[in-house]
Amino acid sequence: MKVALGSDHGGYNLKSKVQNLLDKLNIGYDDFGTDSCDSVDYPDFAKKVAVAVKKEEYERGILICGTGIGMSIAANKVKGVRAALCHDVFSAKATRQHNNSNVLTLGERVVGSELALEIVKVWLTTEFDGGRHQRRIDKIGQLEA
Ligand code: RB5
């Protein structure tokens, strides 16, 4: 699996920790920025990661801002992207099983880093359940048409 990573300034520090985790888990990734805590606009980074996932250049994307909300709103504008904002482990697992989410968004100002890393681990390792959930995802696709 290869992961596309992105953040704004509000998520920059947590993104570095996620990079360390991915290194430890031996999961490949590319960082689409930002590369400092200087103020930037989160939609620019959401777009880069979401489009890369939509084009299937990456299987998954992880986007981090202050709340995770802006990244989630922006990434979900890209057709084919199912971005899930998760601040608990249950949701991270359920959104993979039920929504086949392909982008995870996190808020560095909302969740502690240890919990955030646990969420990332669970989200990356949980498979989609398929079945009736695929039918529902197909209906989301129809909303995009
Ligand atoms: C930046 O200050 C902040 O608005 C951004 O990181 C994010 O929380 C937006 O949803």
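Keep in mind that this is a model prediction, so the values were computed, not measured. For this chain, numbers begin at 1 and follow the sequence in order. Remember, it's 1-based here, ligands and their atoms both numbered in the order they're listed.
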Chemist: Are Ile73 and Leu85 linked, directly or through intermediate hydrophobic residues, by side-chain heavy-atom contacts shorter than 4.5 Å (ILVMFWY only)?
Modeler: yes
Chemist: Does the protein put any heavy atom within less than 4.0 Å of atom 4 (O) of ligand 1?
Modeler: no
Chemist: Write out the residue and atom name of the closest protein heavy atom to atom 9 (C) of ligand 1, then the distance separating them to 0.1 Å.
Modeler: Tyr42 CE2, 3.5 Å
Chemist: Measure the distance from atom 7 (C) of ligand 1 to every protein heavy atom, then report the residue, atom name and distance (to 0.1 Å) of the closest one.
Modeler: Cys65 SG, 3.4 Å
Chemist: Using distance alone, determine whether Gly70 and ligand 1 share an N or O pair under 3.5 Å.
Modeler: yes
Chemist: Below 4.0 angstrom from a heavy atom of Asp8, which ligand 1 atoms are there? Numbered from 1 as shown, please.
Modeler: 1 (C), 5 (C), 6 (O)
Chemist: Decide if the gap between the ring center of Phe45 and the ring center of Tyr12 is smaller than 6.0 angstrom.
Modeler: no
Chemist: Do Thr67 and ligand 1 have an N or O pair less than 3.5 Å apart?
Modeler: yes
Chemist: So, Asp88 and Ser91: side-chain donor and acceptor under 3.5 Å apart, yes or no?
Modeler: yes
Chemist: Between Phe32 and Tyr58, how do the two ring planes meet: parallel, tilted or perpendicular, split at 30° and 60°?
Modeler: perpendicular
Chemist: Between Ile69 and ligand 1, is there a nitrogen or oxygen pair with a distance under 3.5 Å?
Modeler: no
Chemist: Would you mind listing which atoms of ligand 1 come within a distance below 4.0 Å of any non-hydrogen atom of Gly66?
Modeler: 5 (C), 6 (O), 7 (C), 8 (O)
Chemist: His9: heavy atom below 4.0 Å from ligand 1, yes or no?
Modeler: yes
Chemist: Run the numbers for me: atoms of ligand 1, each under 4.0 Å from some heavy atom of Arg109, listed by number.
Modeler: 1 (C), 2 (O), 3 (C)
Chemist: What is the minimum heavy-atom distance between Val78 and Ala50, and which atoms define it?
Modeler: CG2-CB, 3.7 Å
Chemist: Quick check: are there more than 12 heavy atoms from other residues, nucleotides or ligands sitting under 6.0 Å from CD of Glu144?
Modeler: yes
Chemist: Show your reasoning for whether side chain to side chain contact (heavy atoms under 4.5 Å, CB included) applies to Phe128 and Gln134.
Modeler: CA-CA 9 Å; Phe128 176 47; Gln134 184 58 54; 3.2 Å; yes
Chemist: Could you tell me if any non-hydrogen atom of Met71 lies under 4.0 Å from any atom of ligand 1?
Modeler: no
Chemist: Going by atom types only, do Gln142 and Asp138 share a side-chain donor-acceptor pair under 3.5 Å?
Modeler: no
